[in-house]
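The chain is numbered in sequence order, starting from 1. It should be emphasised that the depicted structure is a prediction, and the values quoted were computed from it without experimental measurement.
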Amino acid sequence: MNPIANNVALAFSFFLCISFFPLLNALPDITKTCDKVKHKELCIGSFKESYLGRYVPDNAEPDVLASIIIKIVVNNASDVSRNLKTTVLEGPVPLTPEVRAKYGICDQEVVSAMKELDKVRTAMEARNHRSEKLNMKAAVTNVENCEKELKQVEAQLPDKKQFEEVTVLKELLENIDDIIKTVD
């Protein structure tokens with residue numbers, strides 16, 4: 001190849017890469033969707049933190065964003081469950097039987113919420129909005145139950161951070177619930 005053809009090919013390749021660069025790093029305008037939820041800042045913050053650098057179309061529909069946020073929440077719920085189990089099994093402070101039992105119940109509720117979220121995702125794929133809403137309500141209720149269990153022994157908790165994690169998880173679920181209510 002001659003030098004001019006090499007330069008043209010190089011320039012064209014560079015132009016092509018530059019043209020697609022914004023698409024690869026763009027975040028969709030999720031503010032419209034997050035404006036409709038109770039915990040707006042948490043909605044935007046969790047999405048941007050978890051999906052930075054991944055491609056999602058700017059015009060993504062609420063159900064697509066809800067599906068993405070469900071993945072974020074499932075990861076968050078897994079972390080909460082792991083932290084609850086770690087505190088019970090390996091915590092620096094021995095727990096009373098009552099607190100240990102509350103942690104166990106709370107963990108079961110978080111695991112149940114994750115299962116409900118899987119059902120929500122399946123219902124979304126099938127466009128079964130009734131099931132989406134029912135399973136989402138069950139997931140929120142599961143985490144509310146966990147929060148109530150920990151609230152009963154809040155003064156005895158070795159780490160208040162876990163109570164806060166459960167509260168954030170509940171708020172994330174409420175956001176998904178709010179988004180799902182807008183999809184019909």
Side-chain angles (χ1 to χ4, degrees), residues 30 33-51 62-91 93 95-126 128-184:
I30 60 165
T33 301
C34 288
D35 277 341
K36 299 173 185 171
V37 303
K38 188 187 300 186
H39 311 285
K40 178 183 174 182
E41 295 304 317
L42 181 61
C43 178
I44 294 169
S46 62
F47 185 86
K48 286 184 177 180
E49 180 181 317
S50 297
Y51 265 73
D63 59 336
V64 172
L65 294 174
S67 180
I68 291 168
I69 294 172
I70 286 172
K71 291 176 188 171
I72 295 167
V73 174
V74 167
N75 289 338
N76 182 286
S78 275
D79 291 343
V80 170
S81 177
R82 184 176 46 256
N83 291 342
L84 290 168
K85 288 176 185 164
T86 300
T87 298
V88 170
L89 299 175
E90 303 166 8
V93 179
L95 302 175
T96 65
E98 180 187 19
V99 172
R100 184 180 287 274
K102 298 294 183 186
Y103 268 103
I105 293 168
C106 186
D107 181 51
Q108 289 171 358
E109 294 288 353
V110 170
V111 169
S112 293
M114 288 189 292
K115 290 177 183 174
E116 293 298 333
L117 285 173
D118 285 338
K119 292 176 187 175
V120 170
R121 201 175 358 208
T122 301
M124 287 178 123
E125 291 168 3
N128 185 341
H129 299 305
R130 184 173 180 274
S131 288
E132 283 176 26
K133 292 173 183 174
L134 289 172
N135 294 120
M136 197 61 236
K137 183 175 171 53
V140 171
T141 300
N142 288 131
V143 176
E144 285 173 343
N145 291 341
C146 171
E147 188 179 46
K148 288 175 190 171
E149 291 295 325
L150 292 183
K151 187 83 170 158
Q152 291 173 7
V153 292
E154 186 175 11
Q156 302 169 43
L157 296 177
D159 188 357
K160 304 290 186 220
K161 180 182 135 205
Q162 288 167 331
F163 186 76
E164 293 166 9
E165 288 176 347
V166 170
T167 301
V168 168
L169 178 59
K170 182 185 80 168
E171 291 172 356
L172 287 167
L173 287 169
E174 289 170 346
N175 282 348
I176 297 171
D177 192 35
D178 291 344
I179 292 169
I180 285 175
K181 288 175 183 172
T182 68
V183 177
D184 278 325

Query raised in the report: Between K160 (side chain) and E154 (backbone), is there a donor-acceptor pair under 3.5 Å?
Result: yes
Query raised in the report: Are any side-chain N or O atoms of S81 and backbone N or O atoms of A77, one a donor and one an acceptor, separated by less than 3.5 Å?
Result: no
Query raised in the report: Any salt bridge between K161 and E165, counting N to O under 4.0 Å?
Result: yes
Query - Short N-O contact, R121 and D118, less than 4.0 angstrom - result: yes
Working to the nearest 0.5 angstrom, can you tell me the gap between [X] [atom1] and [Y] [atom2]?
X: H129; Y: I180; atom1: NE2; atom2: CD1; answer: 10.0 Å
X: E164; Y: L169; atom1: CD; atom2: CG; answer: 13.5 Å
X: Q152; Y: L157; atom1: CD; atom2: CG; answer: 11.0 Å
X: N145; Y: K170; atom1: CG; atom2: NZ; answer: 11.0 Å
X: T86; Y: D79; atom1: OG1; atom2: CG; answer: 10.0 Å
X: L172; Y: T167; atom1: CG; atom2: OG1; answer: 11.0 Å

For [X] and [Y], work out which heavy atoms get closest and say how close.
X: E132; Y: V120; result: O-CG2, 3.7 Å
X: Q162; Y: N83; result: NE2-O, 2.8 Å
X: C106; Y: V166; result: SG-CG2, 4.2 Å
X: N142; Y: A113; result: OD1-N, 3.6 Å
X: I70; Y: M124; result: CD1-SD, 3.8 Å

Do [X] and [Y] make a side-chain contact, defined as non-hydrogen atoms from C-beta onward lying under 4.5 Å apart?
X: Y103; Y: E149; answer: no
X: K119; Y: S131; answer: no
X: Q156; Y: K102; answer: no
X: M136; Y: L117; answer: yes

Under the salt bridge (charged side-chain N to carboxylate O under 4.0 Å, His left out) test, which residues partner [X], sequence neighbours left out?
X: K137; result: none
X: D107; result: K85
X: E171; result: none

